[in-house]
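Step one of this worksheet: look at the structure below.
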Amino acid sequence: MAQQAYMEETDNGGSGPERQSSRFRRLLDRLLTGWRGDPRIWRRGLVVAALALVLALVMLVHSRIPNRIGNLGSLIETFLPWLGLFVPVLLVLGVVRKSVTALVAVLLPAIVWLNLFGGLLTDKTGSGGDLTVATHNVNADNPDPSGTARDVAASGADVVALEELTAGAVPTYEKALAATYKYHSVQGTVGLWSKYPLTGVGPVDIKLGWTRAMRATVATPEGQLAVYVAHLPSVRVKMEAGFTARQRDKSADALGEAIADEPLQRIVLLGDLNGTMNDRALNAVTSQMRSTQGAAGSGFGFSWPASFPMARIDQILVKGVEPESSWTLPETGSDHLPLAARVKVDTSS
């Protein structure tokens with residue numbers, strides 16, 4: 001009886017690992033059915049292979065795509081990370097077509113994408129730093145400015161920049177933030193709140209005709225820090241004009257000049273730049289500063305739109321200070337997510 005029971009048990013499929021291995025082999029055999037001995041596996045899927053090569057080329061030479069026609073280059077660079085979604089699509093098409101040529105070609109855009117963005121997939125956050133900063137485009141139509149202010153203050157930031165402030169909402173933000181931040185200044189539609197004294201406060205001319213940028217010196221315990229707050233003009237995607245960003249680009253150049261002329265060595269830029277770090281139109285700024293997200297964040301840190309973030313157009317950039325960690329804050333009543341970063345102002349040690 002014992003022998004019969006043993007035979008019945010083993011006849012029901014054997015041990016777990018052996019059954020799983022057998023299932024895997026059967027699945028692999030089904031996938032490879034029609035591939036073995038078929039000389040056409042190298043001739044099929046040429047269209048898929050061509051699309052893979054085009055995708056790799058676009059990502060590889062994105063900075064050389066001209067902006068003369070509808071700022072096409074900047075538009076592609078704004079959403080450049082999302083081009084990686086085409087890689088698995090092309091991979092599936094290559095498998096369906098049973099094309100070795102297509103599968104080999106898909107390796108190219110995969111390698112290019114990993115070279116561009118693979119570093120963002122790792123967690124680079126640290127635990128150091130001596131100053132926490134935050135920035136938030138609060139949205140002029142924010143239905144709950146008081147709640148938004150409390151949410152940003154709850155991040156523990158020592159310095160907070162707010163953009164897209166309306167004259168009617170400024171008193172609400174001032175009242176909500178007064179208990180946490182002793183010092184503040186509002187210049188036009190941007191404002192800066194700080195736990196430490198502010199000096200040298202004033203607007204920054206970014207060639208708009210009204211104030212959407214400012215500068216202040218923050219007297220941190222580790223030394224003086226120049227803090228810029230900026231809200232560059234919005235960009236639009238129009239059927240008849242493409243990616244319209246001429247005013248944004250002009251303002252970015254002016255902001256870059258102001259930062260280049262800054263007498264202090266330690267600088268932080270907080271704001272909504274309406275562009276990503278990949279957008280060559282922001283080179284006047286990004287070429288001389290580091291992104292805290294790129295240097296010390298985890299993931300892409302997309303900030304807009306808040307309901308389904310697709311791009312990091314809000315930025316925390318630094319020069320002369322060391323990023324230690326960078327992250328996005330929870331959604332508020334705005335259409336942007338707030339950002340925060342921990343930086344080391346005193347880099348002497």
Side-chain angles (χ1 to χ4, degrees), residues 20-21 23-67 71-125 237 243 275-283 286 290-305 308-313 315 326-328:
Q20 292 176 1
S21 176
R23 289 175 181 173
F24 177 76
R25 285 197 298 269
R26 289 197 299 269
L27 177 61
L28 187 62
D29 287 340
R30 283 197 295 267
L31 288 175
L32 295 179
T33 299
W35 291 60
R36 296 190 182 96
D38 184 357
R40 294 181 299 167
I41 60 175
W42 292 100
R43 296 198 295 268
R44 284 194 298 257
L46 296 181
V47 173
V48 177
L51 291 174
L53 294 177
V54 171
L55 178 61
L57 187 63
V58 169
M59 291 191 290
L60 192 62
V61 299
H62 64 86
S63 62
R64 296 185 178 276
I65 299 175
N67 264 339
N71 277 304
L72 180 62
S74 288
L75 176 60
I76 290 174
E77 288 169 335
T78 298
F79 301 102
L80 192 61
W82 292 95
L83 293 183
L85 292 179
F86 289 106
V87 172
V89 173
L90 292 173
L91 180 62
V92 171
L93 290 176
V95 172
V96 171
R97 290 290 294 145
K98 297 180 179 179
S99 169
V100 173
T101 301
L103 296 180
V104 171
V106 170
L107 287 175
L108 293 176
I111 292 171
V112 173
W113 190 92
L114 287 173
N115 182 62
L116 290 172
F117 303 110
L120 294 175
L121 301 180
T122 60
D123 187 352
K124 299 179 290 296
T125 57
V237 180
F243 190 66
T276 68
M277 293 296 291
N278 295 312
D279 190 340
R280 92 288 296 271
L282 301 183
N283 279 352
T286 57
R290 299 172 67 193
S291 164
T292 58
Q293 184 67 26
S298 176
F300 291 93
F302 294 148
S303 63
W304 176 88
F308 187 79
M310 297 184 66
R312 186 180 176 89
I313 63 174
Q315 305 290 350
S326 187
W327 63 97
T328 57

* ring-ring contact (aromatic ring centres under 6.0 Å, His included) with Phe302: which residues, sequence neighbours excluded? -> Trp82, Phe300

Report, one line per pair, each donor and acceptor closer than 3.5 Å where one atom sits in a side chain of residues 101-113; sequence neighbours left out.
| from | atom 1 | to | atom 2 | distance (Å) |
| --- | --- | --- | --- | --- |
| Thr101 | OG1 | Trp42 | O | 2.5 |
| Trp113 | NE1 | Pro81 | O | 2.9 |

* Asked: Do the non-hydrogen side-chain atoms of Val58 and Leu83 ever get within less than 4.5 Å of each other?
  -> yes

* Asked: Which distance, rounded to the nearest 0.5 Å, do you find between the NE2 of His62 and the CG of Leu80?
  -> 5.0 Å

* Asked: Is there side-chain contact between Asn283 and Thr286, with at least one heavy-atom pair below 4.5 Å?
  -> yes

* Output the distance between atom CG (Leu53) and atom CG (Leu90), rounded to the nearest 0.5 Å. => 10.0 Å

* To do: Write down the atom of Ala295, the atom of Arg290, and the distance for their closest heavy-atom approach.
  => CB-NH2, 3.4 Å

* Asked: Are Leu282 and Met277 close enough that some pair of their side-chain heavy atoms sits under 4.5 Å apart?
  -> no

* Asked: What closest approach, in Å, do Gln293 and Ser326 show between heavy atoms, and which atom pair accounts for it?
  -> OE1-OG, 3.3 Å

* Side-chain contact, heavy-atom cut-off 4.5 Å: Asn67 with Arg280? -> yes

* **Closest heavy-atom pair and its distance - Gly301, Thr328** => O-CG2, 3.7 Å

* To do: Look up atom OG1 in Thr292 and atom NZ in Lys124, then write down how far apart they are to the nearest 0.5 Å.
  => 10.5 Å

* **Heavy-atom neighbours of Phe117 CZ exceed 12 at 6.0 Å** => yes

* Structure fact -> Value for CG (Leu60) from CG (Leu116), rounded to nearest 0.5 Å, stands at 7.5 Å

* To do: Of all the heavy-atom pairs spanning Arg97 and Gly45, show the shortest one and how long it is.
  => NH2-N, 3.9 Å

* Asked: So, the side chain of Gln315 versus the backbone of Gly275: is there a donor-acceptor pair under 3.5 Å, distance only?
  -> yes

* Does some side-chain heavy atom of Glu77 sit less than 4.5 Å from a side-chain heavy atom of Ser63? -> yes

* Side chain to side chain, Leu91 and Val87, heavy atoms closer than 4.5 Å -> no

* **Leu51 side, atom CG; Leu46 side, atom CG - distance, nearest 0.5 Å** => 11.0 Å

* Under 3.5 Å donor-acceptor, Lys98 side chain and Arg44 backbone -> no

* To do: Could you tell me which non-hydrogen atom of Pro88 sits nearest to which non-hydrogen atom of Gly84, and how far apart they are?
  => CD-O, 3.3 Å

* What distance separates Ile65 CD1 from Leu72 CG, expressed to the nearest 0.5 Å? -> 6.0 Å

* To do: Write down the atom of Thr276, the atom of Ala311, and the distance for their closest heavy-atom approach.
  => CG2-CB, 4.2 Å

